[in-house]
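I have placed the structure first, in the form of structure tokens, so that the comments after it can refer back to it.
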Amino acid sequence: MNRKEVFEQVSDMEEQIGQLYQQLGDLKTHLSELLEENHRLAHENHHLRQRLDQSIEETAGRDEQGKTTEQRTVDNIGEGYDNLARLYEEGFHICNVHFGSPRQNEDCLFCLSFLNKTKD
Ligand SMILES: [Zn+2]
């Protein structure tokens, strides 16, 4: 190996080292971008998890505070009363004595007492 060849080889190595150094710099940039994104996603994930927990709590809370089973039953009874009252208005018995038969434009005491009882 003569001096020229040695010099050329050292030159080549210098160039390769330069390229490697540049690649290393690129990788470092890329790595810091990834770390930043990872940090951002972890942060976002944390927030979304909190929002989800909050939303689950709110939903559960609404069921407890808003429409309890008891209140829903009361609603159903109210609706049932309205239906029976409408049926009576339309001229049918809603009392257990003549239930479903036509009233023939007469008030029925059984029906009326039933309506009042249900209303209270
Ligand atoms: Zn009746």
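In each ligand, atom 1 is the first atom listed, and ligand 1 is the first ligand listed.
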* Asked: Do Arg103 side-chain atoms and Tyr88 backbone N/O form a donor-acceptor pair below 3.5 Å?
  -> yes
Would the number of heavy atoms belonging to other residues, nucleotides or ligands and lying under 6.0 Å from [atom1] of [X] be above 12?
X	atom1	value
Gln22	CD	no
Leu109	CG	no
Asp26	CG	yes
Glu8	CD	yes

* For the Zn ion (ligand 1), which protein N/O/S atoms are closer than 2.8 Å? -> His93 ND1, Cys95 SG, Cys108 SG, Cys111 SG
* To do: Give the minimum heavy-atom separation between Pro102 and His93, together with the two atoms involved.
  => O-CD2, 3.6 Å
